[in-house]
Structures are given as structure tokens and as C-alpha cells.
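Right, one structure below, let's go through it.
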Amino acid sequence: MKNFSLLIACCLVALTFSACKKDVVSSVSLPDGYYENQWNDAMKLAQDSNRKIFVMFYAEDCDLCATMKTTLSDPDIQVTLKNTFVRVMMDAEKGQGEELYIAYNLENHPNSLVTTSNGTVLGKFEGSKDKASFLKFIAPFE
């Protein structure tokens, strides 16, 4: 009976912890100039302005996604991306974000892509990057 009670207590703690993590990404402000879950609008703007697309796929309960969202808010990264890319954040677990995540054959979160204005992948990375690593990644696509 003691083991059963301990098992129940552990389950309750685990459920409480997972419920607390539910909106990790939402708690971080969307960086300026990003479309969120608006792929068609972003793609139209990219085509009309002859720019590439930078898109980050996230999951709401993903700590690394929240970290990457914070990295993308850095002023130097914002300046770097502003004129060359249409910037997008897509929830990989809902609606069109989930469809694109599957279509691009992505795994894990976060996952980021650089695409042409038509959605052809030019580069990608999985996970979170710090400022210096991100700027090094994005430089060839500017």
C-alpha cells in the first residue's frame, strides 16, 4: 500500500509539473516584425518583396523554443534579419504549422528553416542557438 501511495504522489507531481510548463513559449514576447502562424501572409510578402523566409517551428511546452525565441529578440539579430527575411514563428503542433512541420519532415523542437519566397529549403537547424552561433548560421543566406 505504501508503494501504491508513493506511485500516486509521483504521478501527481509529474502532472503538476507538466501543467506548469504548458505555455512556456507564450510567456516570451514575439520578436518585432514576426508573423505568428500566418504562413500564407508571410509567403505572399516574401514573394512581393523578393525576400527569403526565416521560420522557427516551436511547441508551446518547449524550453529550448522559448530560449530561441529570446535569442531572436536580440537587437543585432533583429537588424540582421529585417531587410533580407520575412520572419515567421509557427506552432508545430497546431493547424498549418503542424502541416508544414510534417511536410518539411522535421523532428524535435525548435526547428528553424531558411527558405526561398516559394518555400524551398535553403538551410535548417534543430535546437536553440546563442547569438553568435545564430549570426554565423544566417550569414550565408543574407
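Computed over heavy atoms, backbone and side chain alike; hydrogens, waters and symmetry mates excluded.
Atom CE of M89 sits about 8.0 Å away from atom OH of Y58, to the nearest 0.5 Å. Between the OH atom in Y35 and the NZ atom in K44 there is a gap of 9.5 Å [rounded to 0.5 Å]. Annotation: the span from L100 atom CG to L106 atom CG amounts to 9.0 Å, rounded to 0.5 Å. Distance CG/N111 to CG/L64: 11.5 Å, rounded to 0.5 Å. Note that CG of N40 is 12.5 Å distant from CG of L45, once rounded to the nearest 0.5 Å. Note that CD1 of I138 is 12.5 Å distant from OG of S133, once rounded to the nearest 0.5 Å.
No close placement of the Y34 and F85 rings is indicated, their centers lying 6.0 Å or farther apart.
Residues F57 and L122 do not share a hydrophobic cluster, defined by chaining ILVMFWY side chains whose heavy atoms lie under 4.5 Å apart. Linking Ile, Leu, Val, Met, Phe, Trp and Tyr residues whenever their side-chain heavy atoms come within less than 4.5 Å places M43 and Y101 in a single cluster. Side-chain heavy atoms closer than 4.5 Å link hydrophobic residues (I, L, V, M, F, W, Y) into clusters, and following such links, even through other members, never connects L135 to L113.
The backbone N or O of L81 sits nowhere less than 3.5 Å from a side-chain atom of T84 that would complete a donor-acceptor pair. Formation of a donor-acceptor pair under 3.5 Å by the D74 side chain with backbone atoms of T70 is not found in this model. Using modelled atom types, no side-chain atom of N37 and backbone atom of Q96 make a donor-acceptor pair closer than 3.5 Å. The backbone N or O of H109 sits nowhere less than 3.5 Å from a side-chain atom of E126 that would complete a donor-acceptor pair. Put simply, the side chain of K124 never gets that close to the backbone of V114: no donor and acceptor are under 3.5 Å apart.
Applying the side-chain hydrogen bond (donor to acceptor under 3.5 Å, both in side chains) test to every pair with at least one member in residues 112-121, sequence neighbours left out, gives these pairs: Q47-N118.
In the displayed structure, D48 atom CG is contacted under 6.0 Å by more than 12 heavy atoms of other residues, nucleotides or ligands. Around atom CG of D32, no more than 12 heavy atoms belonging to other residues, nucleotides or ligands sit under 6.0 Å away.
Looking only at side-chain heavy atoms (C-beta outward), K69 and V25 come within less than 4.5 Å of each other. Put simply, the side chain of L72 reaches to within 4.5 Å of the side chain of F54, judged on heavy atoms. Side-chain contact between M90 and W39: present, with at least one pair of heavy atoms (C-beta onward) separated by less than 4.5 Å.
Considering every non-hydrogen atom in both I77 and T71, the closest pair reads CD1-O, 3.3 Å. Looking at every heavy atom in both residues, Q78 comes nearest to R87 through OE1-NH1, 3.2 Å. The minimum heavy-atom distance between K129 and F137, with the atom names listed, is CE-CB, 4.0 Å. M68 and P110 get closest at one heavy-atom pair: CB-CG, 4.2 Å. G123 approaches F141 most closely through the heavy-atom pair CA-CZ, 3.7 Å. The shortest non-hydrogen separation linking C65 to M56 is O-CE, 3.6 Å.
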